[in-house]
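Below you'll find the structure, written out as structure tokens, and then a few comments.
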Amino acid sequence: MSQFESLGLPLLHAGKVREMYALPDGDVLMVATDNISAFDHVLPTLIPGKGAVLTQLSLWWFEQLRGVVPNHVVSTKVPQEAEGRAIVVERLDMVPVECVARGYLTGSGWAEYQQSRTVCGVPLPGGLRDGDKLPGPIFTPAIKADLGEHDENVDFETIARLHGTGLAGRLRELTLEIYTRAERIAAERGIILADTKLEFGRRADGTLVLADEVLTPDSSRFWDARLWVPGESLPSFDKQYVRDWLAKDSGWDRKSAPPELPDDVVAATCARYAEAYERLTGLSIRP
């Protein structure tokens with residue numbers, strides 16, 4: 001069910017976190033809710049202020065990347081009940097590819113590397129540890145899954161076969177260019193951008209446009225550069241508190257409905273999202 005029915009607009013799509021509403025002029029109102037997902041489930045507990053962090057941080061990054069790629073933002077003038085957490089965006093033909101750039105080896109990439117010394121078909125040197133910096137950033141795409149399913153990591157050749165070599169090559173080029181720019185900006189602020197997931201859409205003339213959210217704690221893995229020690233557990237500016245509690249303390253079997261989050265986990269998650277925004281932008285988002 002929509003969290004923003006009071007807007008009185010036709011609901012086009014409700015994802016795990018975002019809701020898309022049709023506007024009379026053909027544009028789309030994209031609203032970031034306070035939902036949080038983990039292990040491919042939307043949890044019943046909201047994270048207060050999370051939607052505002054995602055929206056405001058995305059807007060900041062869109063500005064930093066303006067010289068690299070067009071983005072889908074039309075306006076920040078939105079209905080009052082969605083203020084701060086919504087933007088007006090272009091209606092695009094979305095490319096159904098999760099465009100992932102990795103500069104560091106961790107997560108699903110680390111799991112694959114231990115088996116094959118590759119990540120999504122990209123060969124890597126031996127002897128790397130979880131958390132190691134890669135020789136250079138790599139493009140490791142995934143095919144978007146339906147709600148409740150896990151995205152499927154694939155190699156570049158699969159994307160080229162599905163969408164054509166030209167589009168696949170442009171997606172890889174833009175993804176790595178964006179990562180390189182963002183990684184440098186984050187490093188200047190004492191933050192490591194380990195990896196990030198991007199989405200693109202196409203205008204009617206075929207122009208590729210950066211869409212959805214960009215370089216937020218939901219779509220990226222940010223580490224504190226001062227605490228980076230490869231081979232050890234690295235705390236992230238994201239929902240790791242939530243994942244850890246669900247995996248270690250909740251007793252949840254991942255087959256039944258997920259449990260409510262305790263207040264301390266909610267508070268810690270709120271603080272990490274706000275800290276990521278403030279460290280990156282130099283601005284305050286706390287009440």
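Throughout, numbering of the chain's residues begins at 1 and tracks the sequence.
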Does the side-chain contact (heavy atoms from CB on, under 4.5 Å) test come out yes or no for Leu167 and Ile159, once each step is laid out? CA-CA 9 Å; Leu167 178 57; Ile159 300 301; over 6 Å; no
Could you state whether [X] and [Y] fall into the same hydrophobic cluster, counting links through intermediate Ile, Leu, Val, Met, Phe, Trp or Tyr residues with side-chain heavy atoms under 4.5 angstrom apart?
{"X": "Val100", "Y": "Val214", "answer": "no"}
{"X": "Leu208", "Y": "Leu198", "answer": "yes"}
{"X": "Val68", "Y": "Leu59", "answer": "yes"}
{"X": "Phe237", "Y": "Val229", "answer": "no"}
{"X": "Leu193", "Y": "Ile185", "answer": "yes"}

For Tyr104, what residues pass the ring-ring contact (aromatic ring centres under 6.0 Å, His included) criterion, not counting sequence neighbours?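 Residues passing ring-ring contact (aromatic ring centres under 6.0 Å, His included) with Tyr104: Trp223, Trp228.
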[X] to [Y] - nearest heavy-atom pair and separation:
{"X": "Ala38", "Y": "Leu246", "result": "CB-CD1, 3.7 Å"}
{"X": "Cys99", "Y": "Thr175", "result": "CB-OG1, 3.2 Å"}
{"X": "Pro125", "Y": "Pro135", "result": "CG-CG, 3.9 Å"}

Could you check whether Arg102 and Thr140, counting side-chain N and O atoms only, form a donor-acceptor pair closer than 3.5 Å?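 Note: Thr140 and Arg102 side chains meet the donor-acceptor criterion.
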Going by atom types only, do Glu112 and Thr118 share a side-chain donor-acceptor pair under 3.5 Å?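 Note: Glu112 and Thr118 side chains meet the donor-acceptor criterion.
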Checking [X] now: which residues fulfil side-chain hydrogen bond (donor to acceptor under 3.5 Å, both in side chains) with it, not counting sequence neighbours?
{"X": "Ser250", "result": "none"}
{"X": "Asp205", "result": "Thr207"}
{"X": "Glu81", "result": "none"}
{"X": "Asp253", "result": "Ser256"}

Are the side chain of [X] and the backbone N or O of [Y] linked by a donor-acceptor pair below 3.5 Å?
{"X": "Thr55", "Y": "Arg85", "answer": "yes"}
{"X": "Asp244", "Y": "Tyr241", "answer": "no"}
{"X": "Thr33", "Y": "Val17", "answer": "yes"}
{"X": "Arg91", "Y": "Gly26", "answer": "yes"}
{"X": "Ser75", "Y": "Lys77", "answer": "yes"}
{"X": "Thr158", "Y": "Val154", "answer": "no"}
{"X": "Arg279", "Y": "Gly190", "answer": "yes"}
{"X": "Lys239", "Y": "Ser37", "answer": "yes"}

For Arg226, enumerate each residue passing the salt bridge (Lys or Arg N to Asp or Glu O under 4.0 Å) test, keeping only those at least two apart in sequence or located in another chain.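 If we apply the salt bridge (Lys or Arg N to Asp or Glu O under 4.0 Å) test to Arg226, skipping adjacent residues, the hits are Asp224.
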Parallel under 30°, tilted from 30 to 60°, perpendicular over 60°: which one fits the rings of Phe39 and Trp252?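 Ring orientation of Phe39 relative to Trp252: tilted.
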As an exercise, state the distance from [atom1] of [X] to [atom2] of [Y], rounded to the nearest 0.5 Å.
{"X": "Cys270", "Y": "Ile47", "atom1": "SG", "atom2": "CD1", "answer": "5.5 Å"}
{"X": "Leu57", "Y": "Leu283", "atom1": "CG", "atom2": "CG", "answer": "10.0 Å"}
{"X": "Ile143", "Y": "Leu162", "atom1": "CD1", "atom2": "CG", "answer": "5.0 Å"}
{"X": "Leu176", "Y": "Leu171", "atom1": "CG", "atom2": "CG", "answer": "10.5 Å"}
{"X": "Ile178", "Y": "Thr196", "atom1": "CD1", "atom2": "OG1", "answer": "9.0 Å"}
{"X": "Ile191", "Y": "Leu280", "atom1": "CD1", "atom2": "CG", "answer": "4.0 Å"}

Side-chain cluster (under 4.5 Å, hydrophobic types only) that Val209 belongs to, other residues: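 Via sub-4.5 Å side-chain contacts, Val209 links to Leu92, Met94.
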Apart from Leu105 itself, what residues make up its hydrophobic cluster when side-chain heavy atoms of I, L, V, M, F, W and Y under 4.5 Å apart count as a link, directly or indirectly?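 In the cluster with Leu105 are Trp110, Tyr113, Val119, Val122, Leu124, Leu128, Leu134, Ile138.
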CA sep, side-chain torsions, deciding dist, call: Glu98, Asn153, side-chain contact (heavy atoms from CB on, under 4.5 Å): CA-CA 9 Å; Glu98 298 280 6; Asn153 290 350; over 6 Å; no
So, using side chain to side chain contact (heavy atoms under 4.5 Å, CB included) as the criterion, who are the partners of Glu173 when residues are at least two apart?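 Glu173 satisfies side chain to side chain contact (heavy atoms under 4.5 Å, CB included) with Arg170 only.
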For Arg18, give me all partners under side chain to side chain contact (heavy atoms under 4.5 Å, CB included), at least two apart in sequence or on another chain.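 With sequence neighbours excluded, Arg18 shows a side chain to side chain contact (heavy atoms under 4.5 Å, CB included) to Met30, Ala32, Leu54, Asp212, Glu213, given in chain and number order.
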Which ring pair (Phe, Tyr, Trp, His ring centres under 6.0 Å) pairs, counting each pair once, include a residue from residues 47-83, with sequence neighbours left out?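 Passing the test, one end in residues 47-83: Phe62-His72.
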Using a strict 4.0 Å threshold on nitrogen-to-oxygen distance, state whether [X] and [Y] make a salt bridge.
{"X": "Arg243", "Y": "Asp238", "answer": "yes"}
{"X": "Lys50", "Y": "Asp34", "answer": "no"}
{"X": "Asp218", "Y": "Lys197", "answer": "no"}

Could you tell me whether the side chain of Leu23 reaches within less than 4.5 Å of the side chain of Val28, counting heavy atoms only?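 The answer is no, as the side chains (C-beta and beyond) never meet within the 4.5 Å cut-off.
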Could you list all the salt bridge (Lys or Arg N to Asp or Glu O under 4.0 Å) pairs where at least one residue sits in residues 255-274, not counting sequence neighbours?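 The answer is Arg272-Glu275.
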Can you list the steps and then say if Gln64 with Arg181 is a side-chain contact (heavy atoms from CB on, under 4.5 Å)? CA-CA 9 Å; Gln64 311 310 307; Arg181 171 77 67 90; 5.7 Å; no
Let's go through Lys16 and Asn35 carefully: what are the C-alpha distance in whole Å and the side-chain angles of both, what is the deciding distance for side-chain contact (heavy atoms from CB on, under 4.5 Å) to 0.1 Å, and is it a yes or a no? CA-CA 7 Å; Lys16 292 178 182 177; Asn35 286 349; over 6 Å; no
